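All remarks here apply to the structure that follows.
The figures here come from the full heavy-atom set of this structure, side chains too, leaving out hydrogens, waters and symmetry mates. All chains are named by letter (A, B, ...) in the order of the sequence lines, taking the proteins before the strands, and each is independently numbered beginning at 1. Every value quoted in this text rests on a predicted model; they were computed, and no experiment measured them.
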Amino acid sequence: MDSSYENVIKNLLRNPSSIKTKSQAKQLHAQIVKTRGSRSVSLATIILRIYSDLNLLKESLQVFNTFCYVPTKAFKSVIKCYSCNGYFLDSLACFVEMRGFGKLPGQDVFPAVIRACTHLKELRFGESVHGCVVRFGMESDLYTGNALMNMYAKLQVSSHDCHVFDKIPQSNRFSSQRSNLVSVLYEETRNELIRSEKNHFDTLSGRRVEKGTRLDSVSKIFQMMPNKDVVSWNTVIGGNVQSGLYEEALDMLREMSNANLKPDCFTLSSILPVFARHVDVTKGKEIHGYAIRHGFDKDEFIASSLIDMYATCTRVEDSYRVFDLLPQKDDVSWNTIIAGCVQNGAFDEGLRFFRQMLAANVKPVEVTFSAILPACAHLTTLHLGKQLHAYITRMRFDQNMYIASSLVDMYAKCGKIMTARWIFDRMEVHDSVSWTVIIMGYALNGHAREAIILFENMERERIKPNAVAYLAILTACSHAGLVDEGWNYFTSMSKCGVSPDIEHYAAIADLLGRAGRLSEAYKFITDMPIKPTGGIWATLLSACRVHKNVDLAEKVAKEMTTTDPGNMGPYLLLSNMYSAAGRWKDASKLRTNMKKKGMRKPPACSWIEVRNKVHGFVSGDTSHPYYEQIHEALRDLYERLKQEGYVPEMSEALHDVDEEQKGDLLYTHSERLAIAFGIISTPAGTTIRITKNLRVCVDCHTAIKFISKILGREIIVRDNSRFHHFKDGNCSCGDYW
DNA sequence: TTAGGGTTAG
């Protein structure tokens with residue numbers, strides 16, 4: 001080899017950071033092995049450092065495993081390389097091994113070790129490492145300080161300490177072969193290390209890190225740091241935000257500016273959730289403006305924070321705009337826009353984004369499913385829900401609490417309560433949400449007793465019912481007419497520290513009204529400590545309709561038109577009641593009034609899924625390609641119903657017209673069109689599932705009961721308030737809705 | 001060494 005070439009090699013070895021690529025590193029390594037053999041420990045250490053700096057774990061380990069005696073520098077390189085590649089457990093095991101040899105760690109290794117502790121949620125181990133930092137006088141190192149603050153800020157957020165061998169996170173991607181070895185090594189030395197390092201820490205610093213005071217630890221470290229950079233500030237701000245200390249986070253942001261440090265991408269994406277939670281779109285927009293001026297708005301992190309902020313502030317149109325302008329979209333950007341749509345009730349849009357995400361070859365993750373499933377639940381798109389469920393099972397996401405709860409809710413809302421229960425029973429752990437969805441599922445499907453049993457089981461499992469859980473059980477009681485039970489739950493709420501809000505009052509008003517205790521319900525509403533809403537009056541009005549009390553209905557409708565003048569619900573219900581009582585003049589007067597006020601009844605619409613396709617029907621709609629067959633089926637059905645004793649109930653017909661015309665109006669209702677289509681396009685005996693945007697009318701309700709009997713089919717109708725399971729001539733709602 | 005997204009609501 002000529003001397004100039006030899007010089008190049010020497011220079012490279014003296015200045016290893018000049019190696020920038022994997023192939024350069026491998027060439028140098030090969031050259032050294034070729035010319036000088038592989039015995040030189042110092043050369044191998046330099047090569048290892050080069051591989052480690054380039055994050056080449058496989059190559060680093062190949063060199064590392066050749067050492068008989070491992071130099072400190074080699075340990076440091078491998079610890080860092082493991083940590084940077086996400087092999088946190090191996091990183092810690094290597095650190096333990098290094099300490100076992102009595103080698104002194106330097107400030108260059110601590111950030112990687114602390115980062116590993118943070119990812120593994122190993123607070124106790126992290127504290128012992130902190131002890132080690134203090135012991136070796138490295139507290140003033142900027143990177144170590146930042147890493148420590150990050151660790152305390154993160155682990156302080158989780159409510160309980162989770163140790164690595166209690167539950168190894170899935171994200172820890174070490175090989176299973178190696179894991180046993182590492183686990184044994186780690187287990188053997190871990191406790192010993194924690195003991196020795198922590199003793200040093202406690203005696204040297206005179207401080208003890210107690211549970212629950214870890215954000216104080218962050219502040220203390222921050223205050224004691226001689227040098228602080230943007231990362232230090234970002235870490236403290238982010239820690240405050242994650243702990244819900246929004247005002248403190250904003251104060252820190254101001255202080256940061258006073259310290260002449262400019263917010264960067266990290267600062268902005270940490271602070272944006274503050275405005276989302278405060279629903280302060282004006283301040284959020286200011287941040288958006290700042291991001292645009294500094295060219296940060298194309299950053300995926302900032303963009304997803306902005307999308308989320310606008311969606312949380314119900315400005316979903318602005319979310320779309322940010323999303324559309326984003327040149328590179330990652331899975332989080334997609335998940336954020338999908339969740340934003342679904343949370344704002346834009347279910348179809350959410351599904352559209354979900355399909356686009358798949359078309360863009362972005363792989364859905366757990367969050368994607370818990371974001372999209374509620375859309376299937378609300379739209380009752382069972383076929384899509386089932387497809388998603390199959391994918392979730394294949395991906396082994398089914399034990400994820402968010403996903404499992406969403407699946408239970410989706411099946412319950414699609415009327416498949418047994419499937420919902422099956423999933424619920426197979427969940428390893430239940431939280432208050434999963435209990436609530438199954439209880440609400442039974443409530444909506446008319447199984448109050450089962451809901452009560454589950455509510456008691458939840459309390460037995462020491463899961464404290466929250467406001468939503470109480471709402472679920474009150475709904476169950478009200479749907480089943482269990483007045484005493486409902487009242488008991490209502491009165492026990494406050495004792496359990498959950499103050500009833502308007503929905504709970506509404507459930508009780510519904511409960512009383514349903515039981516026919518109308519004046520009691522009226523008094524309950526007027527006496528409540530919260531101002532009654534239009535919705536709560538509507539509940540009572542509905543009860544007046546069922547119990548045919550026109551006088552109280554007029555009184556209630558009057559209350560409603562004062563509290564909620566734009567709502568046409570009371571007009572419609574009252575007008576139907578006038579018609580039912582034969583008071584045609586009053587009914588027509590009311591309708592004229594509505595017209596004068598520019599009120600129009602929204603079109604009634606029902607939909608049914610047949611062979612994975614959703615078919616929608618609007619009242620009186622003749623546009624469906626199978627309309628002729630549908631109409632014929634309806635005619636046949638009408639004849640058979642009449643033979644069975646069905647008499648059309650004309651009381652709710654909208655006009656004062658002759659009986660024959662009313663008959664026409666009635667059998668063109670959207671739910672009947674959908675049911676008729678279901679009958680002609682599915683095999684005999686199959687359950688028919690219909691979803692309707694408005695309340696089912698009395699006549700349709702009666703007719704569907706007959707249909708379920710004569711065809712021997714179960715018909716499940718989800719209207720805008722509840723489920724109706726029609727079977728053998730009966731309905732689960734007990735004729736109250 | 002720092003940042004973003006998820007479940008229940010008659």
Side-chain angles (χ1 to χ4, degrees), chain A residues 83 110-112 114-115 118 141-151 153-154 229-239 241-242 263-273 276 296 299-309 311 330-340 342-343 365-374 377 400-410 412-413 431-441 443-444 466-472 474-476 478-479 501-504 506-511 514 535-536 538-539 542 720-722 737:
Chain A
S83 188
F110 281 120
I114 297 164
R115 183 165 177 260
T118 312
D141 176 60
L142 177 66
Y143 279 41
T144 305
N146 287 346
L148 278 171
M149 287 196 299
N150 182 46
M151 178 186 77
K154 287 273 161 48
D229 64 356
V230 182
V231 176
S232 325
W233 285 90
N234 288 346
T235 308
V236 181
I237 291 171
V241 174
Q242 277 153 26
D264 64 1
C265 291
F266 287 78
T267 331
L268 299 194
S269 60
S270 298
I271 208 74
L272 272 166
F296 295 155
D299 176 285
E300 282 137 298
F301 281 79
I302 303 268
S304 48
S305 299
L306 283 168
I307 294 165
D308 182 54
M309 185 271 297
D330 65 4
D331 61 331
V332 179
S333 334
W334 285 102
N335 295 338
T336 316
I337 194 72
I338 292 169
V342 175
Q343 286 161 0
V365 293
E366 279 147 302
V367 177
T368 321
F369 293 102
S370 46
I372 197 66
L373 276 167
N400 176 300
M401 188 77 90
Y402 290 96
I403 293 180
S405 302
S406 307
L407 279 173
V408 171
D409 186 51
M410 186 272 295
K413 285 214 170 77
D431 66 353
S432 61
V433 176
S434 52
W435 279 105
T436 305
V437 290
I438 191 70
I439 293 167
M440 187 61 97
L444 291 176
N466 59 17
V468 190
Y470 273 108
L471 193 56
L474 292 179
T475 304
S478 110
H479 284 193
D501 59 30
I502 192 74
E503 269 115 10
H504 302 96
I508 293 294
D510 187 44
L511 184 70
R514 170 189 191 89
I536 204 162
T539 306
S542 200
N720 61 348
S721 74
R722 69 196 61 191
W737 70 101

Interatomic distance, A:Phe369 CZ vs B:dT7 C1' [rounded to whole Å]: 15 Å
Touch class at under 4.0 angstrom, heavy-atom based, for A:Pro273 against every strand present: nothing
Nucleotide B:dA3, atom P - distance to CZ of A:Phe266 in whole Å: 7 Å
Donor-acceptor pair present, A:Ser270 side chain and B:dA3 base, under 3.5 Å: no
Approximate separation, where rounding is to 0.5 Å, of A:Tyr402 OH and A:Ser405 OG: 9.5 Å
Distance in angstrom units between A:Asp409 CG and B:dT8 P, rounded: 6 Å
Stacking check A:Tyr402 vs B:dT7 (5.5 Å / 30 deg): no
A:Ile302 CD1 to A:Ile271 CD1 distance, which is reported to the nearest 0.5 Å: 11.5 Å
A:Asp409 and A:Ser406 side chains, donor-acceptor separation under 3.5 Å: no
side-chain contact (heavy atoms from CB on, under 4.5 Å) partner of A:Thr368, the single match among A:Ile338, A:Asp331, A:Val332: A:Ile338
A:Lys154 vs B:dA3: side-chain N/O to OP1/OP2 distance below 4.0 Å: yes
Rounded distance in Å - CD1 (A:Ile302) to C1' (B:dT2): 13 Å
Presence of donor-acceptor pair under 3.5 Å, side chain of A:Ser370 and base of B:dG6: yes
Phosphate contact (B:dT2 OP1 or OP2) by A:Asn150 side-chain N/O below 4.0 Å: yes
Donor-acceptor pair under 3.5 Å, A:Asp330 side chain vs B:dG4 base: yes
Under 4.0 angstrom between A:Gln242 side-chain N/O and B:dG4 OP1 or OP2: yes
Base B:dG4 paired with A:Ser304 side chain (donor-acceptor, <3.5 Å): yes
